[in-house]
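To start, the structure itself, in C-alpha cells.
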Amino acid sequence: MNPRFVGIPEVTEVPSVAVVIDVMRAFTVAAWAFARGAERIVLASSESEALELKEGHSGWLALKDGAPAAGFDAVNSPGLITSAALAGRTVVQKTTAGTVGALAVADAPLVLCASFVVASATARFLRAEGAGPVTFVVTGEDGRADEDLACAEYIGQRVALGDVEAAPYLHRARASRAAADLADGLRRGYQGVHPDDVELCLEPDRFSFAMVARREEAITVLRPVEVSGD
C-alpha cells in the first residue's frame, strides 16, 4: 500500500487515495451521526458557510466544534451526538481540523474520512478497492497528533496484514494531548465536551461502514458505505 503520513500543511498536491484522520473528534462524531440515521454530511470550510448552507436548505442541521453557538444545532461531541435524532437528515459539519483536512484533498479520486470507530471498515474498503499508494492526512497538531497518527498506522496495518491488535494504538491515543485536553475541558466545565467523549473516540471498529467524501456539484459530501466483513 506504500502509506504516506502527512499533516494538513504538507498537502501540496492531489493524492490518488487520501484517508483523512480525525479521532478526537470530527470523524468519530460523523460516524455516530450516520449511526443515528443521518443521510449525508456536508463538509463546510467555515462557520459562516455552514450557516449559509443550513439556511439555504430546509431541514438541514449545522454542527461545529467548541461551545454551542447561535444557529448551530449540535456541537462536535460524540457523547452528545449519540442521542440526536438525525434520521434522514443532512448535517453540515465544520471543525478546526477534520473538515479542513478533508477539504484539502477533496479533489483526490478517492477520499475516506476515518477514526478508530470505522478503522477496520476503512481498511476493508481500501483492500476491496485495491488502492495503491495511500496518503494518510493526520489532521491534528499539523500532523503530529499521536491519536490520529496511531489510528492511521492501525488502518495501514489492517490493510497490509488483516487482523491486527488494536490495543497498542489505542494506548497511544489514550495518552495523547487531545485526550488530555478533553479531560481538562471536562474538569473545567467547558461546554461542548461530554464525559463519554474520550471513550467513544477509543472504541475500535464499532461500525461496519467506511465514510467516503466526494464532490457533489459545489459541495463536498460525506456518505457511509457499508463494507462486508473479512
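Each residue takes its place number in the sequence, starting with 1.
The hydrophobic cluster containing Val29 also contains Val137, counting ILVMFWY residues as joined when their side-chain heavy atoms lie under 4.5 angstrom apart, directly or transitively. Hydrophobic clustering (ILVMFWY, side-chain heavy atoms < 4.5 Å, transitive): Leu222 and Ile8 are in one cluster. Hydrophobic clustering of Ile, Leu, Val, Met, Phe, Trp and Tyr side chains at less than 4.5 Å, counting indirect connections, unites Leu43 with Val111. Residue Val159 is not grouped with residue Val105 when hydrophobic side chains (ILVMFWY) are merged at heavy-atom distances under 4.5 angstrom, including chains of intermediate members.
Between the Glu165 side chain and the Ala167 main chain, a donor and an acceptor come within less than 3.5 Å of each other. The closest donor-acceptor contact from the side chain of Thr135 to the backbone of Ala18 lies at 3.5 Å or more, if one exists at all. Arg36 places a side-chain N or O within donor-acceptor distance of the main-chain N or O of Thr82, the cut-off being under 3.5 Å. The closest donor-acceptor contact from the side chain of Arg127 to the backbone of Arg158 lies under 3.5 Å. Side-chain atoms of Glu49 come within 3.5 Å of backbone N or O of Ser45 as a donor-acceptor pair. In this structure a side-chain-to-backbone donor-acceptor pair under 3.5 Å is missing from Asp146 to Ala173.
The minimum heavy-atom distance linking Cys151 with Val23 is given by the pair CB-CG2, 3.6 Å. Shown here for Asp142 and Pro9, the closest heavy-atom pair between the two residues is OD1-CG, 3.6 Å.
Not counting sequence neighbours, the partners of Asp181 by the side-chain contact (heavy atoms from CB on, under 4.5 Å) test are Arg177.
Other members of the cluster containing Trp60 are Val42, Leu53, Val92, Ile219, Val221, with ILVMFWY side chains joined at under 4.5 Å, either directly or via other members.
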Can you give each donor-acceptor pair under 3.5 Å made by side-chain atoms of residues 65-80, sequence neighbours left out, with the distance rounded to 0.1 Å?
from: Asp65; atom 1: OD2; to: Thr96; atom 2: N; distance (Å): 2.7
from: Asp65; atom 1: OD2; to: Thr96; atom 2: OG1; distance (Å): 2.7
from: Asp73; atom 1: OD1; to: Lys54; atom 2: NZ; distance (Å): 3.3
from: Asp73; atom 1: OD2; to: Lys54; atom 2: NZ; distance (Å): 3.2
from: Asp73; atom 1: OD2; to: Ala62; atom 2: N; distance (Å): 2.8
from: Asn76; atom 1: OD1; to: Gln93; atom 2: NE2; distance (Å): 3.4
from: Ser77; atom 1: OG; to: Gly79; atom 2: N; distance (Å): 3.4
from: Ser77; atom 1: OG; to: Leu80; atom 2: N; distance (Å): 3.2
from: Ser77; atom 1: OG; to: Asp197; atom 2: OD1; distance (Å): 2.8
from: Ser77; atom 1: OG; to: Asp197; atom 2: OD2; distance (Å): 3.1

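Aromatic ring pairs are classed by plane angle as parallel below 30°, tilted from 30° to 60° and perpendicular above 60°; the pair Phe116 and Tyr154 is tilted.
The residues Glu129 and Arg124 are annotated as not salt-bridged, no charged nitrogen and carboxylate oxygen being separated by less than 4.0 angstrom. A salt bridge is defined here as a Lys NZ or Arg NE, NH1 or NH2 lying under 4.0 Å from an Asp or Glu carboxylate O, and Glu147 with Arg25 fails to meet this definition.
For the atom pair CG of Asp148 and CZ of Phe5, the computed distance is 12.0 Å after rounding to the nearest 0.5 Å. Taking CZ of Arg214 as the reference point, atom CZ of Arg223 lies at 9.0 Å (rounded to 0.5 Å). Distance check: Phe209 CZ to Thr122 OG1 gives 9.5 Å after rounding to the nearest 0.5 Å.
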